[in-house]
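First up is the structure itself, then whatever we jot down about it.
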Amino acid sequence: MLKVKNLQKNFGNLRALDNVSLEVEGNSVVGLIGPNGSGKSTLFNVVSGFYEKDRGEIYFKGERIDGLTPDAIAKKGLCRTFQIAKAPEKLTVLENMLLAAEKQVGENPFAALFARRRINPVEKKNVERAIELLEILQLIDLKNEYAGDLSGGQKKLLSLGRIFMRNPDMILLDEPTAGVNPTLTMQLIKVIRELQKKEHKSVLIIEHSMKVISSICDKVFVLNFGQVIAEGTPDEIQQNDKVLDAYLGCA
Ligand SMILES: Nc1ncnc2c1ncn2[C@@H]1O[C@H](COP(=O)(O)OP(=O)(O)OP(=O)(O)O)[C@@H](O)[C@H]1O
Ligand SMILES: [Mg+2]
């Protein structure tokens, strides 16, 4: 699904990504862990087209995507969330979901205005899809609330919903549970797993909690100073000396 080959990204003298290679198979959940500043978000930014790479290759569904714009990459079915969840605050939860879907349809606003007959079935489908997702996310009772009135954790659930409205093949999640209380964290994880299994998505997830990683990931890559220092199952990773040394600092 995703293949990253010898990726390098520098910020001035700092090598944020140093020859990073990794693969994510279809229909799997892969974790990306590492200490603060090890390059995890930078990898997401380069893969999703927000930053330009200095060297290396990125393939999505077998097709080269490095050099494409973030929008072009999202349209190919590779979507991401940001470390800080953002959603238009003056729109309701349901409106937020529908707005996310509209981007996917790719209609320009004028076409939408003048082609009512063509748009309506799409809108109806989008509303049905939004309701289905909001039920899974347990946000259905809040569908008419303003997004700005949601708690931090609920905003993260909403941003997950918005991503799924775009019907991607793969999603990149940057610390989806950061700042979320433990109960909602477990709900988020359950929802990610449920949606992934039901709809056969691939997920690459940055996460600091080993508990979350263990409960959700098939495989984990560990970054340290911009380099992949280990890969394996969550169990293997937790017993890897290099990882303990770098990540947990207790070898
Ligand atoms: N836009 C930027 N300009 C300059 N330096 C940057 C930029 N983005 C990231 N960096 C630097 O690159 C390194 C990797 O940062 P990155 O945000 O990828 O780390 P991270 O693994 O996501 O960390 P965290 O766990 O704290 O989110 C850090 O040293 C950071 O200061
Ligand atoms: Mg980060």
Side-chain angles (χ1 to χ4, degrees), residues 2-24 29-58 65-71 73-74 78-87 152-153 155-156 159-160 162-163 170-182 185 188-189 192 203-217 219-232 234 237-238 240 242-251:
L2 178 73
K3 187 172 182 176
V4 170
K5 245 172 104 179
N6 304 326
L7 202 61
Q8 189 176 307
K9 173 71 187 168
N10 304 316
F11 296 113
N13 288 332
L14 177 86
R15 184 152 296 172
L17 295 176
D18 189 0
N19 222 21
V20 169
S21 297
L22 56 83
E23 278 187 54
V24 177
V29 181
V30 173
L32 184 62
I33 66 173
N36 292 116
S38 54
K40 305 179 297 294
S41 295
T42 301
L43 180 67
F44 272 24
N45 282 327
V46 175
V47 167
S48 56
F50 285 84
Y51 290 171
E52 268 179 44
K53 52 133 207 217
D54 288 300
R55 257 195 234 157
E57 294 155 34
I58 307 168
I65 57 163
D66 43 291
L68 298 184
T69 63
D71 203 41
I73 292 171
L78 178 56
C79 291
R80 67 169 298 180
T81 62
F82 288 86
Q83 210 161 337
I84 312 228
K86 281 200 190 121
K155 280 184 188 158
K156 293 238 169 178
S159 71
L160 198 61
R162 286 167 52 89
I163 286 281
M170 176 166 186
I171 55 179
L172 308 176
L173 302 172
D174 196 345
E175 299 196 27
T177 70
V180 177
N181 73 50
T185 291
L188 248 168
I189 292 309
I192 293 169
V203 179
L204 182 59
I205 178 171
I206 297 176
E207 182 55 64
H208 281 290
S209 157
M210 235 10 244
K211 189 177 165 212
V212 169
I213 290 287
S214 298
S215 65
I216 194 176
C217 293
K219 187 176 180 178
V220 185
F221 287 90
V222 188
L223 277 185
N224 194 30
F225 293 112
Q227 294 182 336
V228 175
I229 58 163
E231 63 179 273
I237 288 301
Q238 286 178 85
N240 182 309
K242 268 196 207 164
V243 177
L244 291 174
D245 197 15
Y247 186 66
L248 304 170
C250 58

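For ligands, and for the atoms within them, numbers begin at 1 and follow the listed sequence.
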Just let me know how Leu14 lines up against ligand 1, side chain, backbone, both or neither, with a heavy-atom cut-off below 4.0 Å. side chain

With sequence neighbours excluded, what pairs up with Asp18 under the salt bridge (Lys or Arg N to Asp or Glu O under 4.0 Å) test? none

Find the distance between CG (Leu2) and CG (Leu172) and round it off to the nearest 0.5 Å. 7.0 Å

Examine Phe11 against ligand 1 and note whether any of their N/O atoms are separated by less than 3.5 Å. no

Check: of Asn224, Leu43, Asn36, min heavy-atom distance to atom 26 (O) of ligand 1 comes from Asn36

Could you tell me whether some N/O pair between Gly39 and ligand 1 is separated by less than 3.5 angstrom? yes

Mark up the atoms of ligand 1 that fall under 4.0 Å of a heavy atom belonging to Thr42, in ascending order. 9 (C), 14 (C), 15 (O), 16 (P), 18 (O)

With a 3.5 Å cut-off and no angle check, do the side chains of Arg80 and Asn45 form a donor-acceptor pair? yes

Heavy-atom distance under 4.5 Å between the side chains of Lys156 and Leu188, does that happen here? yes

Is the Mg ion (ligand 2) under 2.8 Å from any N, O or S atom of Thr42? no

Which bit of Ser38 gets closer than 4.0 Å to ligand 1, counting heavy atoms only: side chain, backbone, both or neither? both

Between Gly34, Gly12, Gly37, Pro35, flag the one that comes closest to atom 28 (C) of ligand 1 by a heavy atom. Gly37

Using a strict 4.0 Å cut-off to heavy atoms of Ala16, name the atoms of ligand 1 that fall inside it. 12 (O)

Atoms in ligand 1 flagged as close to Glu175, the criterion being non-hydrogen separation under 4.0 Å: 25 (O), 27 (O)

Could you grab the distance from atom CG of Leu223 to atom CG of Leu17, nearest 0.5 Å is fine? 7.0 Å

With side-chain contact (heavy atoms from CB on, under 4.5 Å) as the criterion, how do Glu231 and Glu23 come out once you've worked through the C-alpha distance, each side chain's angles and the decisive distance to 0.1 Å? CA-CA 10 Å; Glu231 63 179 273; Glu23 278 187 54; over 6 Å; no

Identify, with sequence neighbours excluded, every residue that meets salt bridge (Lys or Arg N to Asp or Glu O under 4.0 Å) alongside Glu207. none

If the cut-off is 4.0 Å to any non-hydrogen atom of His208, which atoms of ligand 1 fall inside it? 25 (O)

Of Ile216, Ile189, Ile192, the one forming a side-chain contact (heavy atoms from CB on, under 4.5 Å) with Thr177 is Ile189

If you measure from each heavy atom of Tyr51 to ligand 1, is any distance below 4.0 Å? yes

